[in-house]
S.K.: 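Can you keep this structure in mind? I'll have questions shortly.
Note that the structure is predicted; figures quoted are calculated from it, not measured. Side chains included, hydrogens not; waters and symmetry mates left out as well; all remaining heavy atoms used.
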Amino acid sequence: MQEQPEPPFPPGLTARVELTVTDADTAQAVGSGDVPVLGTPRVLALVEAATVAATAVQMPAGRTTVGSRIELEHLAATPVGRTVVAQARLGEVDGRRLVFEVTVTDGDETVARGRVERVLVDRQRFVERAVRVS
């Protein structure tokens with residue numbers, strides 16, 4: 001029986017990413033609404049950035065992760081000028097699938113929460129397949 005290699009990412013890895021909301025981050029600017037508050041697409045990009053940061057240090061050469069599934073609740077509005085913090089914690093590793101619990105906070109207030117799944121892939125092969133498809 002062949003031994004499986006140790007996964008490169010142990011559960012419990014964490015990272016945090018901060019963003020001070022500007023006019024360019026608002027729902028008006030990104031086309032997801034007409035209000036001048038942090039837009040949901042920017043919240044989504046922020047939590048994805050936190051998941052990428054969590055795996056960056058231990059990423060094997062020639063590999064990367066790609067997003068495959070996201071569940072996100074955007075719970076509170078954040079006005080321009082406020083700083084939000086996205087935190088990601090790797091909760092589950094299932095082969096190449098990585099499942100992160102994510103939160104975004106503004107001080108003590110939870111702005112968003114959810115789960116982000118990413119898949120570990122060979123970077124070159126992934127890009128080659130994407131180019132062939134388009």
S.K.: Mind checking whether T65 and M59 have side chains closer than 4.5 Å, heavy atoms only?
M.R.: yes

S.K.: So do V17 and V85 actually touch side chain to side chain, heavy atoms under 4.5 Å?
M.R.: no

S.K.: Test your reading of the model: is there a side-chain donor-acceptor pair from E71 to the backbone of R115, 3.5 Å cut-off?
M.R.: no

S.K.: Please find the pair of heavy atoms, one from A54 and one from L13, that lie closest to each other, and give the distance.
M.R.: O-CD1, 3.6 Å

S.K.: Could you pull out the closest heavy-atom pair between L90 and V99, with the gap in Å?
M.R.: CD1-O, 3.5 Å

S.K.: Kindly indicate whether the side chain of D25, heavy atoms from C-beta on, has any atom under 4.5 Å from the side chain of V30.
M.R.: no

S.K.: Do F100 and T55 have side-chain heavy atoms sitting under 4.5 Å apart?
M.R.: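 Yes, at least one pair of side-chain atoms sits under 4.5 Å.
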
S.K.: CZ/R63 to CZ/R125 distance, rounded to the nearest 0.5 angstrom?
M.R.: 7.5 Å

S.K.: Between E92 and D94, is any pair of side-chain heavy atoms under 4.5 Å apart?
M.R.: yes

S.K.: Which is it for L98 and F9 under the side-chain contact (heavy atoms from CB on, under 4.5 Å) test, yes or no, and what are the steps along the way?
M.R.: CA-CA 8 Å; L98 310 173; F9 308 113; 3.8 Å; yes

S.K.: Does the side chain of F126 come within less than 4.5 Å of T64's, by heavy atoms?
M.R.: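 Of all side-chain heavy-atom pairs linking F126 with T64, none is under 4.5 Å.
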
S.K.: Assigning hydrophobic clusters by single linkage (Ile, Leu, Val, Met, Phe, Trp, Tyr; side-chain heavy-atom cutoff under 4.5 Å), is V80 placed with V111?
M.R.: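 Yes, it is one cluster - the side chains of V80 and V111 are joined through contacts under 4.5 Å.
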
S.K.: Could you report the tightest heavy-atom contact between P8 and L120, atom names first, then the distance?
M.R.: CG-CD2, 4.1 Å

S.K.: At their closest point, which heavy atom of L38 faces which heavy atom of H74, and how far apart are they?
M.R.: O-CE1, 3.4 Å

S.K.: Assess whether atom CZ of R97 is packed by more than 12 heavy atoms of other residues, nucleotides or ligands within 6.0 Å.
M.R.: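 Yes - once you tally the heavy atoms of other residues, nucleotides and ligands closer than 6.0 Å, there are more than 12.
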
S.K.: If only atom types and distance count, is the side chain of T105 paired as donor or acceptor with the main-chain N or O of D108 below 3.5 Å?
M.R.: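 No: the side chain of T105 does not pair with the backbone of D108.
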
S.K.: Between T20 and T83, do the side chains contain a donor N or O and an acceptor N or O under 3.5 Å apart?
M.R.: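 Note: T83 and T20 side chains meet the donor-acceptor criterion.
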
S.K.: So which atom in V104 and which in A86 form the shortest heavy-atom distance, rounded to 0.1 Å?
M.R.: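 Closest approach of V104 to A86: CG2-CB, 4.0 Å.
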
S.K.: Mind checking whether V84 and L46 have side chains closer than 4.5 Å, heavy atoms only?
M.R.: yes

S.K.: Evaluate R42 against T26 for side-chain contact (heavy atoms from CB on, under 4.5 Å), listing each step before the verdict.
M.R.: CA-CA 8 Å; R42 286 296 290 132; T26 65; over 6 Å; no

S.K.: Is there a side-chain contact between R96 and V121 (heavy atoms, below 4.5 Å)?
M.R.: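 Of all side-chain heavy-atom pairs linking V121 with R96, at least one is under 4.5 Å.
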
S.K.: Would you say that more than 12 heavy atoms from the other residues, nucleotides or ligands in this model lie under 6.0 Å from the CD of Q124, or not?
M.R.: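 Open.
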
S.K.: Under 4.0 Å between a Lys/Arg side-chain N and an Asp/Glu carboxylate O for R89 and E101?
M.R.: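 Looking at R89 and E101, the cut-off is not met.
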
S.K.: Without swapping roles, check the side chain of T22 against the backbone of A24 for a donor-acceptor pair under 3.5 Å.
M.R.: yes

S.K.: Hydrophobic clusters here meaning ILVMFWY residues chained together by side-chain heavy-atom distances under 4.5 Å, can you tell me if V21 and V47 are in one?
M.R.: yes

S.K.: Give, for atom CZ of R113 and atom CD of Q87, the distance between the pair rounded to the nearest 0.5 Å.
M.R.: 14.5 Å

S.K.: Quick check: closest heavy atoms across G67 and E48, and the distance to 0.1 Å?
M.R.: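 Nearest pair, atom of G67 first, then E48: CA-OE2, 4.0 Å.
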
S.K.: If you measure from CG on L19 to CG on D106, what distance do you get to the nearest 0.5 Å?
M.R.: 11.0 Å

